[in-house]
There are 2 protein chains.
Amino acid sequence: MNVMNDSPRRKELTRQAAQLFVQEGFDRTTVRMLAQEMGIKSGSLFHHFRDKQEILAAVIEEGTQNALLIARASLESCDHTPEARLQAMARAHLETLLTDRNAHVVALYEWRRLDPEARDHLIHLRDAYEALWEAVIDEALDAGLIHGDRFLVSRFVMGALNWTVRWYDPAGPRSPDDLAHELVAMITQRPA
Amino acid sequence: MNVMNDSPRRKELTRQAAQLFVQEGFDRTTVRMLAQEMGIKSGSLFHHFRDKQEILAAVIEEGTQNALLIARASLESCDHTPEARLQAMARAHLETLLTDRNAHVVALYEWRRLDPEARDHLIHLRDAYEALWEAVIDEALDAGLIHGDRFLVSRFVMGALNWTVRWYDPAGPRSPDDLAHELVAMITQRPA
DNA sequence: AATTTACACTAGCGCTTGCTTGGTTGCCCC
DNA sequence: GGGGCAACCAAGCAAGCGCTAGTGTAAATT
């Protein structure tokens, strides 16, 4: 009946869907709205995606995969001090929020709308990303750069960062690098 | 046609609606589901609320108002040191998450589903709550207990705390007091 | 030249949605 | 002992929903 590969066309449609999902929310976004945004009729949409759920999964997968790539690249190209690695992760996280904002907002807000199969698949991607964070935080703890409970510290840091999607304005005066600096300074208690 | 006062009956219905909104999300929760949970028929629902939107607004208002009350009470009954006040705010925040969890989860996830009028009204409540936080953080900054940009620090702290709704398990080994301690320790760099 | 593939279209089915209407119940108070 | 009223109900409307069926067509493949 239809295809489910990752053609370039499908990637572009996914990007457009992400924007609508952010504007309206997944449930309020109808397949007719999606089709109109994509410049096709609603029936044609199901040539590219099996159903509406699959569009949501595609959006979230795309964003998470990019975050993982950027974080890995950032870790590989920075100094090997715990502080530099903390900052690299924070900056990478915030930069992803800039370039893939829509996808990440959708991932944060609409995660629960995924059906169980899609969630099972995507949870592994997310775990891989969070594992990077916990490794970096472990190093910082071992080096005495920060203190406290391993689990709680990583949750607090991820919370502070993820929350930025609700207030961070890329057009404002602060760069992702500024924010990363300030966050690391806050938890390591060194002047920014 | 119908009433919009704050009768005890309406309060109870609001509480039940909050739970369904958390389970299903606002958009997926139908008026028929709400009515069934409340033990009435869907038509009767519109005797208590003008429309579905008003139920959402009632849920969020209830939760935010309680958070404000608890935070104020907590500030009044704690020591007047910056550190004690920081901890009091953090603990109050987490305790509210325990007692009013449903309402707060709805406030975080479904805020954008509010229509503009309701949002205008509720945003003042939220601002009042956040103003409490910023005052306490200002005191901590002035006292040299923490360092950094006033705006960023308060956003990071609120982010870390608000994010707890996504992972905190009240049945687990950690109490709200534990978490508050650990968070304050993390940003003031004292051993937990 | 024949066939397949990719992508789009029109039309509409079957169902659910939020909300309305018009009327009934049972309790309270004068 | 009857008027008033909050609370409820049965029934259903108009609109919108996700998705399917069947068809057209231009390009790629055989």
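Note that the coordinates shown come from a computational prediction; the quantities given were computed from them, not determined experimentally. Throughout, protein chains are lettered first and strands after them, A, B, ... in sequence-line order, and every chain is numbered starting at 1.
More than 12 heavy atoms of other residues, nucleotides or ligands lie within 6.0 Å of CD in A:Q23, so this atom counts as buried by the packing criterion.
The distance between atom CZ of B:F49 and atom C1' of C:dT20, rounded to the nearest whole Å, is 18 Å. Rounding to whole angstrom units, CZ of residue B:F26 and P of C:dT17 are separated by 13 Å. Computed from coordinates, the B:D51 CG to C:dT21 P distance equals 14 Å when rounded to whole Å. Regarding B:D27, its CG atom lies at a distance of 14 Å from the C1' atom of D:dG16, rounded to whole Å. In this structure, A:L45 places its CG atom 15 Å from P of C:dT10, rounding to the nearest Å. At whole-Å resolution of the value, NE2 in A:H48 and C1' in C:dA6 are 8 Å apart. Atom pair B:H47:NE2 and D:dC9:C1' shows a separation of 13 Å (rounding to whole Å applied). Rounded to whole Å, the distance from CG on B:L34 to P on C:dT17 is 11 Å.
Checked by atom type, the side-chain pair B:H104/B:N162 shows no donor-acceptor distance below 3.5 Å. Between the side chains of B:R72 and B:Y129, no donor-acceptor pair of N or O atoms lies under 3.5 Å.
Residue A:R32 is classed as a base contact, given a heavy-atom separation below 4.0 Å to a base. Using a 4.0 Å heavy-atom distance criterion, A:K52 is classed as a sugar-phosphate-only contact. A:S44 comes within 4.0 angstrom of a nucleotide base, judged by non-hydrogen atoms across all strands.
Comparing A:K41 and B:R28, the nucleotide of DNA chain C nearest to each residue sits closer to the 5' end for A:K41. Looking at which nucleotide of DNA chain D each of B:I40 and A:T29 is closest to, the 5′-most match is held by B:I40. Between A:Q53 and B:L13, the residue whose closest nucleotide on DNA chain D is further toward the 5' end is B:L13.
Among the nucleotides C:dG18, D:dG18, D:dA7, the one closest to any side-chain atom of B:T30 is C:dG18. For A:F46, counting side-chain heavy atoms from C-beta on, the closest listed nucleotide (D:dC19, C:dA8, C:dT17) is D:dC19.
Classification of B:D149 and A:R174 as a salt-bridged pair holds, one side-chain N sitting under 4.0 Å from a carboxylate O.
In terms of phosphate contacts, B:R50 brings no side-chain nitrogen or oxygen within less than 4.0 Å of OP1 or OP2 of C:dG18.
Exactly one of A:E54, A:E62, A:E61 qualifies for a salt bridge (Lys or Arg N to Asp or Glu O under 4.0 Å) with A:R10. That residue is A:E54.
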